[in-house]
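Residues: numbered from 1 along the sequence shown. What's counted below: heavy atoms across the whole structure, side chains too, no hydrogens, waters or symmetry copies. For ligands, and for the atoms within them, numbers begin at 1 and follow the listed sequence.
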Amino acid sequence: MTLSNKQIQAIETAAHQVRVDVLRMVNAATCGHPGGPLGMADFMSTLFLEHFNLDPSTLHDPDRDRLILGNGHTCAGYYALLAYKGLISRDELMTFRKFGSRLQGHPHRNADMGIDFSTGSLGNSLSVATGMALGARLAGYENRIFSISSDGESQEGQIWEAATSAAHYRLGNLTVIVDFNNIQIDGVMRQVMDVRDLRAKYEAFGWHAMDVNGHDILAVHDALETAHNVTDRPSAIIAHTIIGKGVSFMENQSSWHGVAPNDEQLKLALAELG
Ligand SMILES: Cc1ncc(C[n+]2csc(CCOP(=O)(O)OP(=O)(O)O)c2C)c(N)n1
């Protein structure tokens, strides 16, 4: 079913809030990764508001949906959405990357916050998600397992071992969303180590795969719904995004992969976001 204007507006509002939160959090920490979460804000907000059923009332349900953030360095946006859904307080966001905080620079598994797995070491996420999806099916659950990955993480060989297994076991309850922004820590992905056409690769591995504009909320929603309806194999959504989306001087710049905006840059960025 398509989204109503009200639902689209709610997602746009959430994505805007995520961008503002991410910039403030990384600025306050004086370190972190602003670019990725700005680029992922639109598809992550669509996922959290319309598909991923985590909220305070489902938090401890064994059969709720699960999410693994493979590109763990982008966790500022993840934390902002946990706050948006009421899993953590908004005040806690500003403890990001501080000593003793639950919100470290990469996600740490925490059942009380709904963080399903610790990530940061690229390459593990799809293996974990595949195991969770197989386990959920064996337990008779009807939940969905979402795995978030990236073009950079797709350079890891283990991703493709997991892709083989997930297709072999026909895990229709598993969806991977790849943040494909053509940027990684050292520069332009196509120049560093080109992963080429990920849709074709996932298809060749036996998955149902789709390319979408990761900033088109309706297209992302449709892809997630299609993934839900494909039950005989896992689905891959290759979300084409712009790193730093929403802040002109951060867009498409690998230099903003992992650098905090200073106070002046924060002011400029927030003014642009409005
Ligand atoms: C196994 C492993 N190797 C290296 C790193 C260091 N690292 C952190 S982020 C990153 C780049 C990942 O690319 P991508 O997720 O596409 O970056 P983004 O789009 O967020 O800029 C690397 C190599 C890591 N976290 N894990």
Side-chain angles (χ1 to χ4, degrees), residues 15 18-19 21-23 25-26 29 31-45 47 67-81 96-97 103-109 115 117-129 146-163 176-199 201-202 211-215 220 236-261 269:
V18 166
R19 290 188 166 100
D21 287 342
V22 163
L23 290 165
M25 290 160 69
V26 178
C31 59
H33 300 78
L38 292 184
M40 294 161 67
D42 299 313
F43 79 71
M44 286 290 278
S45 299
L47 177 68
L67 186 142
I68 316 291
L69 185 75
N71 47 349
H73 58 278
T74 67
C75 58
Y78 183 24
Y79 298 149
L81 279 160
F96 177 57
R97 278 182 170 251
L103 308 183
Q104 288 304 309
H106 296 79
H108 186 85
R109 185 168 184 267
I115 295 183
F117 198 73
S118 303
T119 53
S121 186
L122 297 164
N124 302 329
S125 58
L126 198 54
S127 299
V128 175
F146 297 104
S147 189
I148 313 291
S149 190
S150 62
D151 45 7
E153 191 182 30
S154 306
Q155 295 163 342
E156 297 277 355
Q158 192 180 331
I159 290 286
W160 303 104
E161 295 177 46
V176 64
I177 307 173
V178 181
D179 178 43
F180 198 111
N181 58 19
N182 192 26
I183 295 286
Q184 59 182 96
I185 195 168
D186 285 327
V188 175
M189 181 276 299
R190 299 259 188 233
Q191 290 165 8
V192 176
M193 180 68 71
D194 192 354
V195 298
R196 298 179 179 257
D197 183 346
L198 287 188
R199 182 177 60 78
K201 277 190 173 172
Y202 273 102
D211 281 305
V212 295
N213 174 349
H215 302 298
V220 170
I237 299 171
I238 316 303
H240 296 268
T241 62
I242 296 171
I243 194 168
K245 174 78 173 170
V247 178
S248 60
F249 58 90
M250 293 187 174
E251 288 189 0
N252 270 319
Q253 302 296 320
S254 64
S255 51
W256 285 102
H257 161 91
V259 172

If you measure from each non-hydrogen atom of Glu156 to ligand 1, which part falls under 4.0 Å: side chain, backbone, both or neither? side chain
Please state which protein non-hydrogen atom is closest to atom 11 (C) of ligand 1 and give its distance, to 0.1 Å? Ile185 N, 3.6 Å
Gln184 neighbourhood, listing ligand 1 atoms whose heavy-atom distance to it stays under 4.0 Å: 13 (O), 17 (O), 21 (O)
Could you label the plane-to-plane angle of the His257 and His73 rings as parallel, tilted or perpendicular, counting under 30° as parallel and over 60° as perpendicular? tilted
Between His106 and His33, how do the two ring planes meet: parallel, tilted or perpendicular, split at 30° and 60°? perpendicular
With Asp197, which residues qualify under salt bridge (charged side-chain N to carboxylate O under 4.0 Å, His left out), at least two apart? none
Looking at Gln155 and Met193, would you say the former's side chain and the latter's main chain have a donor-acceptor pair under 3.5 Å? yes
Residues in salt bridge (charged side-chain N to carboxylate O under 4.0 Å, His left out) with Asp42, at least two apart? Arg19
Record the part of Asp186 in heavy-atom contact with ligand 1 below 4.0 Å; permitted values are side chain, backbone, both and neither. neither
Identify the protein heavy atom lying closest to atom 18 (P) of ligand 1, giving its residue, its atom name and the separation to 0.1 Å. His257 ND1, 3.4 Å
Would you say Ser150 and ligand 1 have an N/O pair spaced under 3.5 Å apart? yes
What is the closest protein heavy atom to atom 25 (N) of ligand 1, and at what distance does it sit? Gly120 O, 2.8 Å
Polar contacts were defined as any N/O atom of the residue lying under 3.5 Å from an N/O atom of the ligand; does this apply to Gly152 and ligand 1? yes
Check this for me - ligand 1, Asn71, N or O atoms closer than 3.5 angstrom, yes or no? no
Closest protein heavy atom to atom 20 (O) of ligand 1, given as residue, atom name and distance to 0.1 Å: His73 NE2, 2.8 Å
Taking the side chain as everything from C-beta on, heavy atoms only, tell me whether Ser154 gets closer than 4.5 Å to Leu198. yes
Regarding atom 12 (C) of ligand 1: of the candidates Leu122, Asp151, Ile183, which has the closest heavy atom? Leu122
Enumerated ligand 1 atoms positioned under 4.0 Å from heavy atoms of Ile243: 21 (O)
Report yes or no: does Gly123 have a heavy atom closer than 4.0 Å to ligand 1? no
Looking only at side-chain N and O atoms, does Glu153 offer a donor or acceptor that is under 3.5 Å from a partner on Ser125? yes
When you check the side-chain N and O atoms of Asp179 and Ser150, is any donor under 3.5 Å from an acceptor? no
Among protein heavy atoms, which sits nearest to atom 19 (O) of ligand 1, and what does the distance come to when rounded to 0.1 Å? Asn181 ND2, 2.7 Å
Is the shortest heavy-atom distance from the side chain of Leu67 to the side chain of Leu47 under 4.5 Å? yes
